[in-house]
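As structure tokens, the structure follows; a few thoughts come after it.
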Amino acid sequence: MSRAAYGIACDALVIGSGAGGSVAALELARAGRQVTVLEEGPRVTTAELAAASPADSMRRLYRGGGATAVFGTPTIAYGEARAVGGTTVVNGGLLWEPSATVLDRWAAWSGYGGYRSPVIGAHFADVQRRLGMIVQEHGEGNEDSRLLARAADSLGWRWQHPQRVVRGCAHRNQCATGCPSGAKQSMAVSYLPQAEELGAQIRDGVRVRRLIHRRGVVTGVEATDSNGRSVLYRPRTVFTAAGPIGTPVLLRRSSIHRRTAGRRLALHLNLRTVARFPRVVDAVRGTMFTAQVQEHSGLGILVMPSNLTAGGLGAALAGRDPRQVDELLDSRAYLGMFTTQVRMQGAAGIAATVGGAPLLRHSMTGADQHALRLAFRRTARLLFAAGAVELLPPTSAAGPLRDMADVDVYLAHVRLSDWELVSVHGMASCPMARPERGGVCDEEGRPHGFTNLYVCDASVLPGAPGISPQGTIMSYAHEIVGRHLESA
């Protein structure tokens, strides 16, 4: 520690303010604990989000401007937020309950049976009540979702309106760069303000460097505050919620489970397909999406529209010929952009840290290649049924596809290295499981061998739920914090 460091004694210290950290902050404050929340990113108000351009918000709110790379074949672009409220500030506000099948599978693998559907389902019901979850119907705009829903009906495929935590959605179509109306109930406008009303203190711009510990007890937390000064926090209890990458990196820097923390990282992969329709779709009008096709969810495949903006379309087309990009941008009223989510089966993890930054790698398998081909084939069939006359697949070198015969040729030749993949869901980097099964945390959410250190973010999940994970993360965090409070 620097000589300029100053010390702060505290009761409960929460590292990170996303879905898991905000649950810890509020529940500990409700129990009468003195809570301090440390967040590396900035605190941004709704007024600031409304005044900023989406590009400025992305640079400010996303770690690395949204350009974290997971190296391998192919390189995957990974995005997560760095702000008060965490990734809930820049996600779609989706809230899905994990299935009993997934929870049972996790329980069987982990060796811990206390997080099955009766327990997690009760917490999820509480979360949805607190956040005011709604079923988001089509409303104004969202013609791309209407087309997708009608196509699914024509094929006899199952689809559903999304479950979202929004109140008075203004359909501003900026979910992924921060809601400019305050309708989305991110942690920054819901759990965290409630925790502050109960006395919790939120310190933004604070980077935690290391946990000091002895014989399974954390005795200090070294950090750098927003003014660049070194700070030593001396907490009674620590809840780590720095995210699926930040938490294992912090544990490694602190010589806690260095061989297992971050060794594995579960990812959902996103394929982005641009579709041209013969009539105006005007997909920029509406909210993120109002229909999700779940017919193939048992295979880990979900299909839904994406926010169509000039910037988002440009990013999806970045590897293509500039003349083609200009032509598509000029005709974007006729375009829709669609995301196909696929659960990755191969290995990913933190290979090393370089200058304090994590180096992420993955090893996708033949099974992943099969899943990607299957997912794109189903997506193409759906979009042609929706009336699309041309598809641009997620491979910049590939030309337009105008029918399923073109799709078959494309899929026969596409290599694993050709796919252009994005991920915004990372999980299970410090999984709750018995040590002999590769677990980092015990059934209480504590890294094995520790008594006053808890993990309560996406990293503690035993695997990937196959759905947007916010509801699962929050439900797990409620159970972890509740167990701690019962035993305290």
Side-chain angles (χ1 to χ4, degrees), residues 15-21 39-42 44 54-92 175-178 207-209 240-253 261-272 306 311-312 314-316 318-319 339 341-344 346-364 368 394 417 419-430 457-459 461 464 468-470 473:
I15 302 171
S17 62
E39 169 56 53
E40 182 180 0
V44 184
D56 287 340
S57 291
M58 177 162 281
R59 283 191 292 268
R60 186 179 184 189
L61 301 178
Y62 278 82
R63 187 176 303 282
T68 300
V70 186
F71 294 102
T73 302
T75 297
I76 301 167
Y78 178 76
E80 66 176 1
R82 188 181 65 93
V84 172
T87 298
T88 69
V89 176
V90 297
N91 69 12
C175 307
T177 52
R207 181 174 184 270
V208 174
R209 299 197 304 269
T240 300
I245 296 173
T247 287
V249 167
L250 176 59
L251 295 184
R252 286 188 180 194
R253 281 202 304 259
R263 183 177 62 188
R264 60 187 287 259
L265 174 68
L267 295 173
H268 292 156
L269 304 175
N270 290 341
L271 300 171
R272 293 183 297 191
S306 298
T339 294
Q341 179 182 295
V342 183
R343 187 167 51 226
M344 181 174 162
I350 300 171
T353 54
V354 180
L359 176 64
L360 307 177
R361 290 194 179 278
H362 74 83
S363 299
M364 292 177 66
D368 287 304
S417 59
W419 295 106
E420 294 166 358
L421 303 175
V422 175
S423 178
V424 293
H425 295 161
M427 298 140 289
S429 52
C430 298
D457 59 18
S459 59
L461 301 181
S468 182
Q470 180 178 332
I473 296 165

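All of these numbers come straight from a predicted model, not from anything done at the bench. All residue numbers in this chain count up from 1 along the given sequence.
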For [X] and [Y], indicate whether the former's side chain and the latter's backbone hold a donor-acceptor pair under 3.5 Å.
X	Y	result
Ser17	Gly85	yes
His362	Thr75	no
Thr87	Ala81	yes

Spatial distance of atom [atom1] ([X]) from atom [atom2] ([Y]) [nearest 0.5 Å]:
X	Y	atom1	atom2	value
His425	Glu80	NE2	CD	12.0 Å
Asn270	Ile76	CG	CD1	10.5 Å
Arg263	Arg252	CZ	CZ	9.5 Å
Ile245	Cys430	CD1	SG	11.5 Å
Arg209	Leu250	CZ	CG	11.5 Å
Arg82	Tyr62	CZ	OH	13.5 Å

Are [X] and [Y] side-chain neighbours, meaning at least one heavy-atom pair lies under 4.5 Å?
X	Y	result
Ser468	Asn91	no
Val44	Val89	no
Arg253	Thr353	no
Ile350	Ser429	no
Thr88	Gln470	yes
Met344	Met364	yes
Leu267	Tyr78	yes

Exercise: identify the closest heavy-atom pair between [X] and [Y]:
X	Y	value
Pro248	Ala261	CB-C, 3.7 Å
Pro244	Ala458	CD-CB, 4.3 Å
Pro358	Val249	CB-CG2, 3.8 Å
Ile473	Ala19	CG2-CB, 4.0 Å
Ala316	Glu420	O-OE1, 4.4 Å
Ser417	Thr73	CB-CG2, 3.6 Å

**Report entry** Check against side-chain contact (heavy atoms from CB on, under 4.5 Å), Thr177 and Leu61
**Finding:** CA-CA 8 Å; Thr177 52; Leu61 301 178; 6.0 Å; no
Requested in this report: Report yes or no: do Thr339 and Ser306 form a side-chain donor-acceptor pair below 3.5 Å?
Outcome: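 Per modelled atom types, Thr339 and Ser306 side chains form a pair under 3.5 Å.
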